[in-house]
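Here's the structure, in structure tokens; my notes come after.
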Amino acid sequence: MINKIVKSTEDAVKGIFDGAVVMIGGFGEAGSPIELIHALIDQGAKNLTVISNNTGSGHVGLAALIEQKRVSKMICSFPRTSNSTVFPDLYAKGEIELELVPQGTLAERIRAGGAGIPAFYTPTSVHTPLAEGKENRVFNHQTYVLEYGIKADFSLVKCKAADRYGNLIYNKTARNFGPVMCTAAEITIVQTSRVVELGKIDPENVVTPGIFVSRVVEVSNPVHESKLVFENRTYP
Amino acid sequence: MINKIVKSTEDAVKGIFDGAVVMIGGFGEAGSPIELIHALIDQGAKNLTVISNNTGSGHVGLAALIEQKRVSKMICSFPRTSNSTVFPDLYAKGEIELELVPQGTLAERIRAGGAGIPAFYTPTSVHTPLAEGKENRVFNHQTYVLEYGIKADFSLVKCKAADRYGNLIYNKTARNFGPVMCTAAEITIVQTSRVVELGKIDPENVVTPGIFVSRVVEVSNPVHESKLVFENRTYP
Amino acid sequence: MKNTNVKKGWNRDEIAQKVALDIPDGAYVNLGIGMPELVADFIPKGREVIYHTENGLLGMGPVPEQGQEDPELINAGKKNVTSIKGACYFHHADSFTMIRGKHIDICVLGVLQVAENGDLANWSTGQKGAVPSVGGAMDLVAGVKTILVITKHTTKDGQPKIVKNCTYPLTGKSVVKRIYSDLAILDVTEKGLFVRELAPGIDFDYLQKQTGAKLHEYELE
Amino acid sequence: MKNTNVKKGWNRDEIAQKVALDIPDGAYVNLGIGMPELVADFIPKGREVIYHTENGLLGMGPVPEQGQEDPELINAGKKNVTSIKGACYFHHADSFTMIRGKHIDICVLGVLQVAENGDLANWSTGQKGAVPSVGGAMDLVAGVKTILVITKHTTKDGQPKIVKNCTYPLTGKSVVKRIYSDLAILDVTEKGLFVRELAPGIDFDYLQKQTGAKLHEYELE
């Protein structure tokens, strides 16, 4: 029987190893799987490469993981944040590496990784510093740059509802990077606000088919990052 | 005000010109926009390049368009059909050109065309006759072949419900090529079983966002191709 | 009279059953058109297997009862099917993301020829004038983690389908992992074809004669 | 006393209004963070414009009433928003399909610098030690059909932001179509910058002095 539901966030993040490449969903706080990130902080894996659009807020969630010096490299599109100095401070000291990727290229690289596409050409970033050192190529009189598909050992994703097959639906703009990240990791770990019976999600409305999901844990009342930041909370 | 609903299939196919590249949705009869194809037959455009997974059945729909010698080239993955000799006969006589593309590569080329990706590498077809003359390239010790994004002047697609913005949902496996074809044409023309009020389609469940759709026509009781073929019907 | 009970080889159902035994609980499986479809009937009780059909359905169920067919719910062979609880629909690009991205565990395919190095030919006889049709075959062999082949050991004319080198145009190079025929189960390894199991009444020498490539026996430890 | 009624230039709302006038009925529009967001307030009555936000929403509505905020319904600037009837949500790869695939009609952006050939710089001052952040800016300028710029004509220090060549790192090359500043509206053409409209109290010579690139006047027929 297929049952991807695990009992705790601790069980969910088991096996994440030192040096792993980890994709973390979310755009700002929307879709950020904070409880999974906190479980990862407790779990102890270090020297991680993290792929996520941002670098977190305050001293919780992704920012806390970075603050604990567990991340040696960030791959993201917008590491600057108005409400956290965690990443900028480490970056200024040279203690964390940054690969800056345009947001659409990041999404497409992840999608390509999940879809078995090793590389593709894109018009984004051509003639800018972010295309330096990359292969340029002309198609139909326009210049494009070669970008590579990207994969991860683990993805951490947040969703609204899931069933035991791992079929997922999301909430509004918290969907963002979740669906593509689910496709691009060896092991995809999902926190869901609700576990539902098989068949409760209309087959027409499934956003992430269960085939892309390895483990699901129910976190029925996920915290709001902005609230934690407002309250000046830290983790651990 | 945005209103993409047009009154008739005749209005829907207006402007399709001789020599146009036309994508036609469907996998077998599921999702094949027969009423739009028949309107296109009546409309008269010829010398078309048609991109569609198959070549139609019997003497109706896509097979009828081909039989009328309106298609000079087919781009598809599976032109052989058990219940039509239309394409094979013309092909044997050298009267229609064929570009054979593996099904997944076809889907991905269309998706790339719609997503502004001019070209990508894929493992599919490497070391086979379908990769002959194409660029090979090694990434991570594996060989891939370069394939190009593909776009169309028009796409003809069938769906289950649509609103005046052009938001679409589909029915079961009739979804198939519809969503990617909607993204890859200058003008996307959709036949829907039902036009619904704005907001009736849950924003979480929209499959094709209206931005990809130009014209929508209601065909409330679409014919079943298999029934027409069984009855030995022809068009016109 | 003494020969009537001597069975030689496996019938189609028995071959399918052999394949089914090797599909583990929880596997995501794509079954090719024809003989591969039989496999679904023989999955051992207690195993939950999810079937993918490349035209946009994960969680394909059995054929519908008569009168319950929906022409918009079909499989890759364009036959009417059903969907199970927990199924989902998706478009073609997403469907081939599952295939090309190595998310499908097992694909069972029929063949025209399979070579000792795992080369597979199943889409074209290369005949002049015939309409070439490839469908999703090349994507499946390039993307699915494990490719299993189910086939009669020889053609109707008695020609070997398991050969040293494919003479038909390839679908994919070095992609087949295991071959299930009416005569034997063969593993495709870097050292060549190894006999995993012989069908009833078949011995190694007979099998070798029906095969166009050299066969090897596993050494027992 | 005679000067109090003489207005010089446009204020932020007036610039936004000028942009809004140029957005046709039915347009799909992406508004950058900051001043561009004002544009939505001035779309003429009767025009239906659909807003895209790259974090996965087409049909973005105004800011929610207090207490109605949903932290999972935000825009690209991470501010709370709403969705309109007929909206839809999608994932990031689909969102940038809309952008990169030239499906969005108009994008309105703020800038650090814009050059006479349409080069745009708005993501980095190139300062050492600063954390570079690009977000979706490069995708937008590479993919959206028409790029409009809304900006103060000069920096706080009075330095021109409209220049012959950008000194800041580029976001995109030759991408800007029109510039709306507090002093004028400029068209970016193959022959250089043409003055489309002067703000109240601004004459060509004054404008030229505030601009780091040569300006041209349209010839009247």
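Remember, predicted model here, so these are calculated numbers, not experimental data. Letters A, B, ... mirror the listed sequences (proteins, then strands); counts begin at 1.
- Chain A forms the most heavy-atom pairs under 4.5 Å with one residue out of D/G135, D/P71, D/P169, D/S83, and that residue is D/G135.
- Most heavy-atom pairs under 4.5 Å with chain D: of the set A/P79, A/A92, A/S226, this distinction falls to A/P79.
- Both the backbone and the side chain of A/H127 have a heavy atom closer than 4.5 Å to some heavy atom of chain D.
- The local environment of NZ in A/K134 is crowded, with over 12 non-hydrogen atoms from other residues, nucleotides or ligands closer than 6.0 Å.
- With rounding to the nearest 0.5 Å, the separation of CG in D/D119 from OG1 in A/T128 is 11.5 Å.
- Crowding of A/F139 atom CZ: a count of heavy atoms from other residues, nucleotides or ligands under 6.0 Å exceeding 12.
- By number of non-hydrogen pairs under 4.5 angstrom with chain D, the leading residue of A/L100, A/V180, A/L106 is A/L100.
- Neither the backbone nor the side chain of D/D94 comes within contact range of chain A; no heavy atoms are under 4.5 Å apart.
- If you tally non-hydrogen atom pairs under 4.5 Å between each of A/V207, A/N54, A/N171, A/V101 and chain D, the highest count goes to A/N171.
- Using a 4.5 Å heavy-atom threshold, the side chains of A/K172 and D/D70 count as touching.
- Between D/N55 and A/N176 the shortest heavy-atom distance is O-CB, 4.0 Å.
- Taken from CG in A/N53 to CD in D/E54, the straight-line distance is 9.5 Å, to the nearest 0.5 Å.
- For A/Y170, no part lies under 4.5 angstrom from a heavy atom of chain D.
- Between D/H92 and the choices A/E108, A/Q103, A/R111, the side-chain hydrogen bond (donor to acceptor under 3.5 Å, both in side chains) rule is met once, by A/Q103.
- Both the backbone and the side chain of A/T105 have a heavy atom closer than 4.5 Å to some heavy atom of chain D.
- The backbone N or O of D/V134 lies less than 3.5 Å from no partner atom in the side chain of A/S77, so there is not a single donor-acceptor pair.
- A heavy-atom distance below 4.5 Å is not found between the side chains of D/P132 and A/F78.
- By the 6.0 Å contact criterion, NZ on D/K102 is enclosed, its count of non-hydrogen atoms from other residues, nucleotides or ligands being greater than 12.
- For D/A137, no part lies near chain A; criterion is any non-hydrogen pair under 4.5 Å.
- If you measure heavy-atom distances from A/Y91 to chain D, the contacts under 4.5 Å come from the side chain alone.
- For D/T171, the part lying under 4.5 angstrom from a heavy atom of chain A is the backbone only.
- Here the side chain of A/T124 pairs no donor or acceptor atom with the backbone of D/A142 at under 3.5 angstrom.
- When every heavy atom of A/P102 is checked against every heavy atom of D/D139, the shortest pair comes out as CB-OD2, 3.6 Å.
- Ranked by heavy-atom pairs under 4.5 Å with chain D, the first of A/A131, A/A107, A/G94 is A/A107.
- Within a 6.0 Å radius of NZ in D/K145, other residues, nucleotides and ligands contribute more than 12 heavy atoms.
- In the displayed structure, A/E231 atom CD is contacted under 6.0 Å by more than 12 heavy atoms of other residues, nucleotides or ligands.
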**Derivation of the side chain to side chain contact (heavy atoms under 4.5 Å, CB included) call for A/F27 and D/K78** = CA-CA 8 Å; A/F27 181 90; D/K78 300 182 182 105; 3.9 Å; yes

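- Residues A/M181 and D/H91 form no side-chain contact, since every pair of their non-hydrogen atoms from C-beta on lies 4.5 Å or further apart.
- Closest approach of D/E72 to A/G31, counting heavy atoms only: OE2-N, 3.9 Å.
- Crowding of A/E135 atom CD: a count of heavy atoms from other residues, nucleotides or ligands under 6.0 Å exceeding 12.
- Within the 4.5 Å cutoff, the side chain of A/P123 has heavy atoms near those of the D/R100 side chain.
- Within a 6.0 Å radius of NE2 in A/H224, other residues, nucleotides and ligands contribute 12 heavy atoms or fewer.
- Interface remark: D/I74 contributes backbone and side-chain atoms alike to the contact with chain A (heavy atom separation under 4.5 Å).
- Both the backbone and the side chain of D/Y89 come within contact range of chain A, with heavy atoms under 4.5 Å apart.
- For A/K93, no part lies near chain D; criterion is any non-hydrogen pair under 4.5 Å.
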